[in-house]
Peer 1: 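Below are the structure tokens for one structure; questions will follow.
Note that these values count all heavy atoms, side chains included, but never hydrogens, waters or copies made by symmetry.
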Amino acid sequence: MRIDLNSDLGESFGPWSMGEDAALMASISSANIACGFHGGDPGTMRATVALAKASGVAIGAHPGFPDLVGFGRREIKATPQEVEDFVVYQVAALAGVAAAQGVRLQHVKAHGALYNMACRDRALADAIARAVAAFDKSLILFGLPKSE
């Protein structure tokens, strides 16, 4: 049996530091890296991808609502099309940063309020799935058991 120890990383933004990413890398097998909407920025994304690559940790995109002030934890009324656009944009951004370092994404796990809303709203769950599949059908999509 293989167990994946997964964590959210790369959520620092500008001068704001969040978490102990370097220390955590030694204990995990996959990382969900913030893509700039709820946390993260281009430099943080680059550094976190590099750290994951050096640590042998699989890389996943961690898209959320455009909500830096609320850290992506506030529910936002967004249409399924807006959610699909938010997700494909963020996944593509992280995939580009990863490709520049010679690595590929393994998975996608939505963040915070988006993740929780998609658990109970089939239209939002479908929008996330469509965005991931449109970008790359080989990506693993994380979701909670018994969620939409």
Side-chain angles (χ1 to χ4, degrees), residues 2-14 16-22 24-25 27-76 78-119 121 123-145 147-148:
R2 180 175 175 257
I3 297 174
D4 177 31
L5 294 178
N6 175 269
S7 183
D8 302 345
L9 299 175
E11 294 179 316
S12 297
F13 183 81
W16 182 62
S17 182
M18 173 74 170
E20 296 291 334
D21 292 1
L24 201 51
M25 279 295 178
S27 301
I28 63 173
S29 50
S30 69
N32 313 314
I33 299 176
C35 303
F37 273 26
H38 76 277
D41 56 38
T44 300
M45 290 164 62
R46 179 190 41 74
T48 308
V49 167
L51 185 58
K53 179 182 177 182
S55 302
V57 170
I59 296 166
H62 198 38
F65 281 128
D67 179 28
L68 283 173
V69 172
F71 193 61
R73 297 192 187 276
R74 298 183 293 190
E75 291 196 1
I76 293 176
T79 67
Q81 184 61 62
E82 289 170 324
V83 167
E84 191 172 340
D85 294 343
F86 295 159
V87 172
V88 78
Y89 179 88
Q90 292 174 84
V91 171
L94 186 65
V97 169
Q101 296 185 53
V103 292
R104 290 180 38 87
L105 298 185
Q106 170 194 267
H107 66 275
V108 175
K109 179 188 175 275
H111 169 79
L114 178 59
Y115 188 66
N116 291 323
M117 289 172 70
C119 286
D121 185 327
L124 295 184
D126 287 347
I128 293 168
R130 276 194 309 275
V132 173
F135 184 78
D136 181 347
K137 287 183 169 102
S138 73
L139 291 173
I140 298 165
L141 177 58
F142 284 20
L144 288 173
S147 71
E148 290 296 324

Peer 1: Decide side-chain contact (heavy atoms from CB on, under 4.5 Å) for D136 and R104; before the verdict, give the C-alpha distance in whole Å, the side-chain angles of both, and the deciding distance to 0.1 Å.
Peer 2: CA-CA 11 Å; D136 181 347; R104 290 180 38 87; 3.1 Å; yes

Peer 1: Tell me which donor-acceptor pairs under 3.5 Å the side chains of residues 66-73 have, and how far apart each pair is, sequence neighbours excluded?
Peer 2:
{"from": "D67", "atom 1": "OD1", "to": "G70", "atom 2": "N", "distance (Å)": "3.0"}
{"from": "D67", "atom 1": "OD1", "to": "R74", "atom 2": "NE", "distance (Å)": "3.0"}
{"from": "D67", "atom 1": "OD1", "to": "R74", "atom 2": "NH2", "distance (Å)": "2.4"}
{"from": "D67", "atom 1": "OD2", "to": "G72", "atom 2": "N", "distance (Å)": "3.3"}
{"from": "D67", "atom 1": "OD2", "to": "R74", "atom 2": "N", "distance (Å)": "3.4"}
{"from": "D67", "atom 1": "OD2", "to": "R74", "atom 2": "NE", "distance (Å)": "3.3"}

Peer 1: For M45, check side-chain contact (heavy atoms from CB on, under 4.5 Å) against everything at least two apart and list the hits.
Peer 2: A93, L94, V97

Peer 1: Just checking R130: does its CZ atom have more than 12 heavy atoms from other residues, nucleotides or ligands closer to it than 6.0 angstrom?
Peer 2: yes

Peer 1: Output yes when a side-chain donor or acceptor of H62 lies under 3.5 Å from a complementary backbone atom of K109, and no otherwise.
Peer 2: yes

Peer 1: Holding to side-chain contact (heavy atoms from CB on, under 4.5 Å), I want the full list of residues that pass it with A98, two or more places apart in sequence or in another chain.
Peer 2: V49, V103, L105

Peer 1: Supply the atom-to-atom distance S30 OG to H107 NE2, rounded to the nearest 0.5 angstrom.
Peer 2: 4.5 Å

Peer 1: Does OH in Y89 sit with more than 12 non-hydrogen atoms of other residues, nucleotides or ligands closer than 6.0 Å?
Peer 2: no

Peer 1: Would you check if E11 and T48 make a side-chain contact, meaning some heavy-atom pair closer than 4.5 Å?
Peer 2: no

Peer 1: Taking salt bridge (Lys or Arg N to Asp or Glu O under 4.0 Å) as the definition, give me every residue that meets it alongside E82, ordered by chain and number, with sequence neighbours left out.
Peer 2: none

Peer 1: Please round to the nearest 0.5 Å and tell me the distance separating atom CD1 of I28 and atom OG of S7.
Peer 2: 5.0 Å

Peer 1: Specify the closest pair of heavy atoms between A127 and V83, including all atoms of both residues, with the distance to one decimal.
Peer 2: CB-CG1, 4.0 Å

Peer 1: Which pair of heavy atoms, one from S12 and one from S17, lies closest together, and at what distance?
Peer 2: OG-CA, 3.5 Å

Peer 1: So, for H38 and A34, which heavy atoms are closest and what is the spacing to 0.1 Å?
Peer 2: CE1-CB, 3.6 Å

Peer 1: What heavy-atom pair brings M25 and S55 nearest, and what distance separates the two atoms?
Peer 2: CB-OG, 3.6 Å

Peer 1: Show the numbers, then the answer: is there a side-chain contact (heavy atoms from CB on, under 4.5 Å) between N6 and F142?
Peer 2: CA-CA 11 Å; N6 175 269; F142 284 20; 3.5 Å; yes

Peer 1: Would a 4.5 Å heavy-atom cut-off, applied to side chains only, mark L51 and L9 as touching?
Peer 2: no

Peer 1: Not counting sequence neighbours, which residues clear salt bridge (Lys or Arg N to Asp or Glu O under 4.0 Å) with D121? List them please.
Peer 2: none

Peer 1: Looking only at heavy atoms, which two atoms of F65 and A78 are closest? And how far apart?
Peer 2: CE2-CB, 4.1 Å

Peer 1: To the nearest 0.5 Å, how far apart are CD1 in I3 and CG in L5?
Peer 2: 7.0 Å

Peer 1: Rounded to the nearest 0.5 Å, how far apart are CG of L124 and CE of M117?
Peer 2: 5.5 Å

Peer 1: As an exercise, state the distance from OG1 of T44 to CH2 of W16, rounded to the nearest 0.5 Å.
Peer 2: 10.5 Å

Peer 1: In Å and rounded to the nearest 0.5 Å, what is the CZ to CD1 distance from R46 to I33?
Peer 2: 12.0 Å

Peer 1: Side-chain contact test, heavy atoms from C-beta onward, threshold under 4.5 Å: evaluate it for V87 versus F135 and give yes or no.
Peer 2: no

Peer 1: List for me each residue that meets salt bridge (Lys or Arg N to Asp or Glu O under 4.0 Å) alongside D4, sequence neighbours excluded, and say none if there are none.
Peer 2: none

Peer 1: Flag the pair Q90 / V108 as yes when at least one side-chain heavy-atom distance between them is below 4.5 Å, and no otherwise.
Peer 2: no

Peer 1: L114 versus I128: any side-chain heavy-atom pair under 4.5 Å?
Peer 2: yes

